[in-house]
**Q** 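Sharing a structure here in structure tokens format.
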Amino acid sequence: MSKGLDPQGHIAREGSLARVPHAYRPVVAAARDRLSAVFGTRLHSAYLYGSIPRGTARVGRSDLDLLAVLHEEPTDTDRADARALDEALDKEFPQIDGGGTLLVGHACVLSDLERHDLGWFVACLCTPLLGEDLAEFLPRYRPDSLLARETNGDLALVLPRWRDRIGSADDSEEARRPLVRFMSRHLVRTAFTLVMPRWNGWTSDLHEMAEAFGGYYPQRAEQLRAAAVLGYAPRGDRTVLTSYVDDLGPWLAQEYARVHGVKAPRPDQP
């Protein structure tokens with residue numbers, strides 16, 4: 001059986017509350033209680049994702065990743081409330097190094113347009129924390145070209161926004177470090193899903209992703225290995241960011257479009 005797949009060849013759901021390390025259980029309990037308090041009856045369900053439910057979080061270095069599904073589409077007020085929740089949890093619990101709460105509407109998760117992106121994310125990468133599990137209403141997913149295209153086939157649209165973020169960031173190590181972490185992770189995951197159908201499996205480990213990619217694109221393997229390291233232990237190096245938007249990113253976007261095509265456009269797409 002290929003890595004990360006069930007006996008039928010579908011991507012197995014990763015993570016569970018049972019795998020949450022002991023040090024993070026108070027954080028998860030507080031997040032659960034506060035999500036309910038902040039959103040009340042507007043909250044349909046909530047999920048935990050990332051290294052904490054996978055059991056691989058590192059105390060003081062890993063972030064807290066939450067997804068809140070609301071019965072209606074989130075408002076600007078909802079987003080402000082989520083940011084305040086994130087900031088309060090980060091300040092209160094030294095176990096985490098930041099975090100973020102994604103907000104989405106119930107209908108969006110189950111829409112045809114999002115079936116192989118947000119829907120797959122909920123069904124395969126998210127651990128239920130509160131409410132009804134929407135995975136019950138979603139299909140099983142295989143590591144195929146359709147999934148590759150709809151999850152990461154929009155890199156060409158992302159890169160101009162990255163250039164703007166780099167250009168507007170303060171000229172400091174502290175300001176650039178989160179950009180390096182975020183962009184490194186995004187590029188490694190995109191590179192992995194480029195080869196995912198041929199590799200025929202799933203992993204969320206950045207180092208394993210880089211190695212899988214390197215088996216098919218040896219000329220770019222060292223770049224991806226370096227990006228995987230920075231995804232876990234970033235340093236605020238401007239030359240790294242420049243290389244992402246001027247070299248690795250454009251190449252990867254072009255190759256992705258050649259192999260899998262371009263992600264279906266979204267209504268709010270510029």
Side-chain angles (χ1 to χ4, degrees), residues 10-20 24-54 63-93 96 98-141 146-147 150-154 157-158 161 182 186 189 204 263-270:
H10 301 114
I11 297 175
R13 195 176 211 172
E14 62 175 29
S16 72
L17 294 181
R19 294 183 191 170
V20 173
Y24 289 95
R25 292 184 181 180
V27 189
V28 173
R32 181 195 292 117
D33 292 345
R34 293 179 200 184
L35 283 167
S36 292
V38 169
F39 295 109
T41 58
R42 300 194 64 230
L43 184 69
H44 172 275
S45 51
Y47 304 81
L48 186 66
Y49 67 97
S51 61
I52 292 177
R54 292 198 301 268
D63 48 3
L64 175 67
D65 296 310
L66 299 165
L67 171 70
V69 180
L70 305 184
H71 287 286
E72 305 295 337
E73 287 301 304
T75 65
D76 289 341
T77 299
D78 293 326
R79 295 185 182 92
D81 288 343
R83 286 193 297 271
L85 170 65
D86 297 335
E87 291 167 4
L89 289 170
D90 184 37
K91 184 176 180 179
E92 184 173 342
F93 294 99
I96 58 174
T101 300
L102 298 177
L103 294 180
V104 295
H106 172 272
C108 183
V109 177
L110 298 182
S111 67
D112 289 342
L113 187 62
E114 291 294 340
R115 180 153 296 177
H116 286 83
D117 189 10
L118 181 57
W120 164 79
F121 174 70
V122 169
C124 296
L125 303 190
C126 287
T127 296
L129 190 61
L130 280 168
E132 183 179 41
D133 182 11
L134 288 176
E136 297 176 10
F137 304 95
L138 292 162
R140 304 302 304 279
Y141 295 89
L146 172 61
L147 185 62
E150 290 305 306
T151 52
N152 287 305
D154 59 349
L157 293 176
V158 170
R161 297 199 293 271
F182 168 76
H186 192 114
R189 289 166 180 157
S204 281
K263 183 175 182 173
R266 268 46 180 175
D268 58 351
Q269 196 168 291

**Q** Working to the nearest 0.5 Å, report the span between NE2 of His106 and CG of Leu43.
**A**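 Separation between the atoms: 11.5 Å.
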**Q** Mind checking ring pair (Phe, Tyr, Trp, His ring centres under 6.0 Å) for His116 and listing every partner two or more places apart, or none if nothing turns up?
**A**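 Per chain and number, His116 pairs via ring pair (Phe, Tyr, Trp, His ring centres under 6.0 Å) with Tyr141.
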**Q** Indicate yes or no for a side-chain donor-acceptor contact from Asp63 to the backbone of Gly99 under 3.5 Å, with no hydrogens or angles considered.
**A**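 Not at all, since once roles are kept as given, no pair shorter than 3.5 Å links the two residues.
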**Q** Under the salt bridge (charged side-chain N to carboxylate O under 4.0 Å, His left out) definition, can you give me all pairs with a residue in residues 39-48, not counting sequence neighbours?
**A**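 Sorted result for residues 39-48: Arg42-Asp78.
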**Q** Does CD belonging to Glu72 count more than 12 external heavy atoms closer than 6.0 Å?
**A**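 Counting neighbours around CD of Glu72, 12 or fewer heavy atoms of other residues, nucleotides or ligands fall under 6.0 Å, so no.
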**Q** Residues in salt bridge (Lys or Arg N to Asp or Glu O under 4.0 Å) with Asp65, at least two apart?
**A**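 Listed in chain order: nothing, the list is empty.
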**Q** What's the shortest heavy-atom distance between Leu17 and Pro128, and which atoms?
**A**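 Looks like CD1-O, 3.8 Å.
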**Q** Sorted by first residue and then second, give each salt bridge (charged side-chain N to carboxylate O under 4.0 Å, His left out) pair with at least one member in residues 26-39; sequence neighbours left out.
**A**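 Residue pairs with at least one partner in residues 26-39: Arg34-Glu92.
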**Q** Which atom pair, heavy atoms only, marks the closest approach of Val20 to Arg25?
**A**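 That would be O-NE, 3.0 Å.
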**Q** Which residues satisfy the ring pair (Phe, Tyr, Trp, His ring centres under 6.0 Å) test with Phe93, sequence neighbours excluded?
**A**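 Not a single residue meets the ring pair (Phe, Tyr, Trp, His ring centres under 6.0 Å) criterion with Phe93.
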**Q** Taking all atoms of both residues into account, what is the closest heavy-atom pair of Gly105 and Val69, and its distance?
**A**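 Nearest heavy atoms, Gly105 then Val69: C-CG1, 4.1 Å.
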**Q** Closest heavy-atom contact between Val122 and Ala135?
**A**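 Result for this residue pair: CG1-N, 4.4 Å.
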**Q** Of all residues at least two apart in sequence or in a different chain, which pass the salt bridge (Lys or Arg N to Asp or Glu O under 4.0 Å) check with Arg189?
**A**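 Result, salt bridge (Lys or Arg N to Asp or Glu O under 4.0 Å) vs Arg189: none returned.
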**Q** What verdict does the salt bridge (charged side-chain N to carboxylate O under 4.0 Å, His left out) test give for Arg266 and Asp154, after you've listed the backbone C-alpha separation in whole Å, the side-chain angles of each residue and the deciding distance to 0.1 Å?
**A** CA-CA 10 Å; Arg266 268 46 180 175; Asp154 59 349; over 6 Å; no
**Q** Test Ile11 against Leu147 for side-chain contact (heavy atoms from CB on, under 4.5 Å), laying out the working first.
**A** CA-CA 11 Å; Ile11 297 175; Leu147 185 62; 3.6 Å; yes
**Q** State which residues pass side chain to side chain contact (heavy atoms under 4.5 Å, CB included) with Leu125; sequence neighbours excluded, sorted by chain then number.
**A**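 Side chain to side chain contact (heavy atoms under 4.5 Å, CB included) list for Leu125, sorted by chain: Glu14, Trp120, Phe121, Trp202, Ser204.
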**Q** Under the salt bridge (charged side-chain N to carboxylate O under 4.0 Å, His left out) definition, can you give me all pairs with a residue in residues 122-138, not counting sequence neighbours?
**A**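 Listed by first then second residue: Arg13-Asp133.
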**Q** Check the pair Val104, Leu70 against side-chain contact (heavy atoms from CB on, under 4.5 Å), reporting the backbone distance first and the verdict last.
**A** CA-CA 6 Å; Val104 295; Leu70 305 184; over 6 Å; no
**Q** Quick one: list whatever passes side chain to side chain contact (heavy atoms under 4.5 Å, CB included) with Ser16, sequence neighbours left out.
**A**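 For Ser16 the side chain to side chain contact (heavy atoms under 4.5 Å, CB included) partners, ignoring immediate neighbours, are Ala18, Arg19.
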**Q** Which heavy atom in Leu113 sits nearest to a heavy atom in Pro267, and how many Å separate them?
**A**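 Minimum heavy-atom contact is CD2-CD, 3.8 Å.
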**Q** Quick one: list whatever passes side-chain hydrogen bond (donor to acceptor under 3.5 Å, both in side chains) with Thr127, sequence neighbours left out.
**A**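 Expected list: none.
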**Q** Side-chain polar contacts of residues 79-86 - donor-acceptor pairs under 3.5 angstrom, sequence neighbours left out - could you list them?
**A**
residue	atom	partner	partner atom	Å
Arg79	NH1	Asp76	OD1	3.3
Asp86	OD1	Thr101	N	3.4
Asp86	OD1	Thr101	OG1	2.6
Asp86	OD2	Thr101	N	3.0

**Q** So Asp117 and Lys263, side-chain contact (heavy atoms from CB on, under 4.5 Å) or not? Walk me through it.
**A** CA-CA 10 Å; Asp117 189 10; Lys263 183 175 182 173; 2.5 Å; yes
**Q** Shortest non-hydrogen contact from Leu134 to His44?
**A**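 For Leu134 versus His44, the nearest heavy atoms are CD2-CE1, 3.5 Å.
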